[in-house]
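Right, one structure below, let's go through it.
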Amino acid sequence: MASSNVQLPKMTEGYLGPQAKFESYGLSLVSHGHPVIYMQDDQPEVEIILGTQPGTRITIKLLSYERKQECTEYCLIRALGPNYLFLIRPPLPGFYKFQIYALPKDEAGPQMLGVYNYLIYCPGSFGNNPFPKQYPPWKDGCYLYEPISLPKGIREPMVRFKLLIPKARDVQVKVAEEWNPLEQTQPNLFEGLVDFSQGYPPGSKAKINCKFGGNNYSTLLEYSL
């Protein structure tokens, strides 16, 4: 669909683009230099890449403009080196406000500040396919290679998991009450196969649990089966 045929919604002046702290936080636009993004008719996903300074904390919000509701579960946050990558998979046609929040490592306080706002136009419906739930420890420099999602009612015998998790000592995939260890194949890189062939009741969860220190595991990702 040509962008010229799409009527942009009214936005508050100054909402789109970089916000007050964008430059002083040392952030940069790696992939999309314009705050309005038009997805193509055959494009179910778009990936936005943001350059950051080491130790910068990041979080996001994805909101449907027409439906006035948050749908952040349709964005997967991943980090590689100094860059944060946001893979966005809108569930329905329409406009989406994508808001990025940040806080440098040397600034105290839990409240992150809005640093950049995009407006994304999705022309079609590509199905309801959310990403796994991402807990705060996941946003600290981790990267998910596969699987980026798991279908409802999955019964595959060998599903490959591959994740980059800095400083991890042990990584396990917990499906219902079963623990499946992943092998560390390179520094910070964990891989393995998990058997889903027996099937699990609706509402079951598959969790990526990680041990950084001590004996306690932290949940990083959670898939709904």
Side-chain angles (χ1 to χ4, degrees), residues 44-45 47 52 55-62 69-81 83-91 100-101 103 105 110 112 126-225:
E45 301 171 337
E47 187 166 60
T52 68
T56 302
R57 295 164 54 201
I58 294 288
T59 193
I60 58 92
K61 280 186 181 179
L62 182 67
Q69 63 184 28
E70 185 174 342
C71 48
T72 301
E73 66 270 25
Y74 296 95
C75 178
L76 175 63
I77 302 175
R78 298 183 288 186
L80 273 180
N83 295 334
Y84 270 84
L85 300 86
F86 309 105
L87 185 61
I88 299 169
R89 182 189 287 166
I100 304 174
Y101 302 81
L103 195 68
K105 65 177 181 180
M112 300 190 195
F126 301 101
N128 186 351
N129 195 12
F131 295 110
K133 181 178 180 180
Q134 300 142 65
Y135 288 86
W138 173 257
K139 302 172 186 178
D140 191 19
C142 301
Y143 190 90
L144 174 65
Y145 291 93
E146 55 182 335
I148 60 172
S149 59
L150 291 174
K152 301 289 185 181
I154 182 172
R155 284 183 172 270
E156 296 295 327
M158 292 190 295
V159 176
R160 176 169 294 280
F161 283 76
K162 182 179 179 181
L163 307 99
L164 181 70
I165 306 176
K167 302 178 181 179
R169 291 176 49 230
D170 182 40
V171 179
Q172 306 247 354
V173 182
K174 183 183 179 185
V175 186
E177 298 303 319
E178 300 177 8
W179 291 75
N180 303 270
L182 300 183
E183 178 185 359
Q184 185 170 355
T185 56
Q186 297 179 31
N188 302 324
L189 188 66
F190 295 82
E191 301 181 67
L193 298 173
V194 177
D195 184 2
F196 288 86
S197 60
Q198 70 181 63
Y200 293 91
S204 299
K205 307 292 184 182
K207 299 180 179 181
I208 306 295
N209 290 338
C210 181
K211 185 187 292 183
F212 294 101
N215 296 318
N216 295 326
Y217 283 89
S218 299
T219 299
L220 273 64
L221 297 175
E222 181 182 278
Y223 300 83
S224 295
L225 305 180

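- Comment: E191 engages R160 in a salt bridge, judged by a side-chain N to carboxylate O separation of less than 4.0 angstrom.
- Atom CZ of F212 is separated from atom CZ of R169 by 11.0 Å, given to the nearest 0.5 angstrom.
- Of all heavy-atom pairs between W138 and L220, the closest is CB-O, 3.5 Å.
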**OP:** With salt bridge (Lys or Arg N to Asp or Glu O under 4.0 Å) as the test, would you mind laying out the steps for E222 and K207 before giving the verdict?
**Re:** CA-CA 4 Å; E222 181 182 278; K207 299 180 179 181; 3.7 Å; yes
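- Summarising the local packing, CG of D140 is surrounded by 12 or fewer heavy atoms from other residues, nucleotides or ligands at distances under 6.0 Å.
- Taken to the nearest 0.5 Å, the OH atom of Y143 stands 8.0 Å off from the CG atom of L76.
- N180 places no side-chain N or O within 3.5 Å of a backbone atom of V194 that could act as its donor or acceptor partner.
- In the model, T185 has no side-chain atom that pairs as donor or acceptor with a side-chain atom of E183 under 3.5 Å.
- More than 12 heavy atoms of other residues, nucleotides or ligands shown are found within 6.0 angstrom of NZ on K205.
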Original post:
Hey, mind stepping through K139 and T59 against side-chain hydrogen bond (donor to acceptor under 3.5 Å, both in side chains) and telling me if it holds?
Top reply: CA-CA 7 Å; K139 302 172 186 178; T59 193; 3.1 Å; yes
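- For the side chain to side chain contact (heavy atoms under 4.5 Å, CB included) test, residues two or more places apart in sequence or in another chain that qualify with D170 are Q172, K211, Y217.
- Classified by interplanar angle (parallel below 30°, tilted 30° to 60°, perpendicular above 60°), the ring pair F196/Y200 is perpendicular.
- With V159 as the fixed residue, the side chain to side chain contact (heavy atoms under 4.5 Å, CB included) test singles out one of V175, D195, I154: I154.
- Relative to the ring axis of Y74, R89 does not place its NZ or CZ within 45° and under 6.0 Å from the centre.
- In this structure a side-chain-to-backbone donor-acceptor pair under 3.5 Å is missing from S149 to F131.
- Listed here is the closest heavy atom pair of F190 and N188: CD1-O, 3.6 Å.
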